[in-house]
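Below is one structure, written out as structure tokens; comments come after it.
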Amino acid sequence: TTLVRSLGGSQATGAGAGHRDPAGPVQASNPRAAAAEQEEIKPFAFSPKLDVNYLVNLYENNVEYATGLFSIFLDNIRQEWGEIRRADMANNLTLLCQLVHNVKPNFSMVGLTWISHEMEKIEASIKRNENTATVPALIIKADKDLQMYLPVIEEEYQHLLAYQAENPQ
């Protein structure tokens, strides 16, 4: 879907405000208003490195909302992930399960849905008391994915900010 913004403002009424062409829309008597009647704003295009379909459905072209959640993710993920790594190294599975459960949806909100799925696997493995080697291996995989995609999220956040600056509401 494309968001369209009218720049011509509201239509004036009364004498001299404009005239109607029976075959078309109101003709503005102000040439500047006529030239800027409508401007089409292209929807924000998320990086194909992310789960674009998920992001489009989640944000429905609400770039301000997306920008806010990307910012929250970037502000918190390093500390949250550090806590997960420390709980894993200490083999504190109760705390690890809780931390993984809390951070799990945050990956989806920035289009890293596959990392959310990895978090689900970690949480399920802990709850089933699976082999102790399974959980660290899953965390190492998630960590590699996070380290690889964190720059993508940072870049996408900058694109969101630039898009907002170019298309003020």
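Just the heavy atoms: all of them, side chains too, but no hydrogens, waters or symmetry mates, feed the values below. Every value quoted in this text rests on a predicted model; they were computed, and no experiment measured them.
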message: Between L95 and Q98, does the side-chain contact (heavy atoms from CB on, under 4.5 Å) criterion hold? Intermediate values first, please.
response: CA-CA 5 Å; L95 178 59; Q98 178 187 354; 4.1 Å; yes

What I'd like to find out is whether the side chain of [X] reaches to under 4.5 Å of the side chain of [Y], using heavy atoms alone.
X    : Y    : answer
T67  : S71  : no
N53  : D51  : yes
I122 : I139 : yes
W81  : L99  : no
W114 : D145 : yes
Y59  : F44  : no
E120 : V100 : no
Q164 : L160 : no

To the closest 0.5 Å, what do you measure between [atom1] ([X]) and [atom2] ([Y])?
X    : Y    : atom1 : atom2 : result
L112 : H117 : CG    : NE2   : 11.0 Å
Q158 : F70  : CD    : CZ    : 12.0 Å
H159 : L161 : NE2   : CG    : 10.5 Å
L55  : E60  : CG    : CD    : 12.5 Å
D143 : E118 : CG    : CD    : 10.5 Å
L146 : E80  : CG    : CD    : 10.5 Å

- prompt: Does the side chain of E83 come under 3.5 Å of the side chain of Q79 through a donor N or O and an acceptor N or O?
  reply: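 Yes, because at least one side-chain N or O of E83 sits under 3.5 Å from a partner of the opposite role on Q79.
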
- prompt: Does a donor on one side chain and an acceptor on the other come within less than 3.5 Å for S47 and E155?
  reply: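 Result is no, nothing qualifies.
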
Is [X] linked to [Y] within one hydrophobic cluster, defined over Ile, Leu, Val, Met, Phe, Trp and Tyr using a side-chain heavy-atom separation of less than 4.5 Å?
X    : Y    : answer
I140 : L96  : no
Y163 : Y65  : yes
I72  : V110 : yes

message: Determine whether L69 and N106 satisfy the following criterion, side-chain contact (heavy atoms from CB on, under 4.5 Å), listing intermediate values before the conclusion.
response: CA-CA 9 Å; L69 290 182; N106 299 355; over 6 Å; no

More than 12 heavy atoms of other groups within 6.0 Å of K121 NZ: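 At most 12 heavy atoms, drawn from other residues, nucleotides or ligands, come within 6.0 Å of this atom.
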
query: Looking at S116 and F107, what are the two nearest heavy atoms and their distance?
result: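 Minimum heavy-atom separation between S116 and F107: OG-CB, 3.4 Å.
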
query: Nearest heavy-atom pair of M109 and L58: which atoms, and what distance?
result: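 Closest approach of M109 to L58: CA-CD2, 4.0 Å.
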
- request: For the pair R78 and E154, evaluate salt bridge (Lys or Arg N to Asp or Glu O under 4.0 Å) and give the outcome as yes or no after the intermediate values.
  value: CA-CA 12 Å; R78 287 174 183 86; E154 290 168 339; 2.2 Å; yes

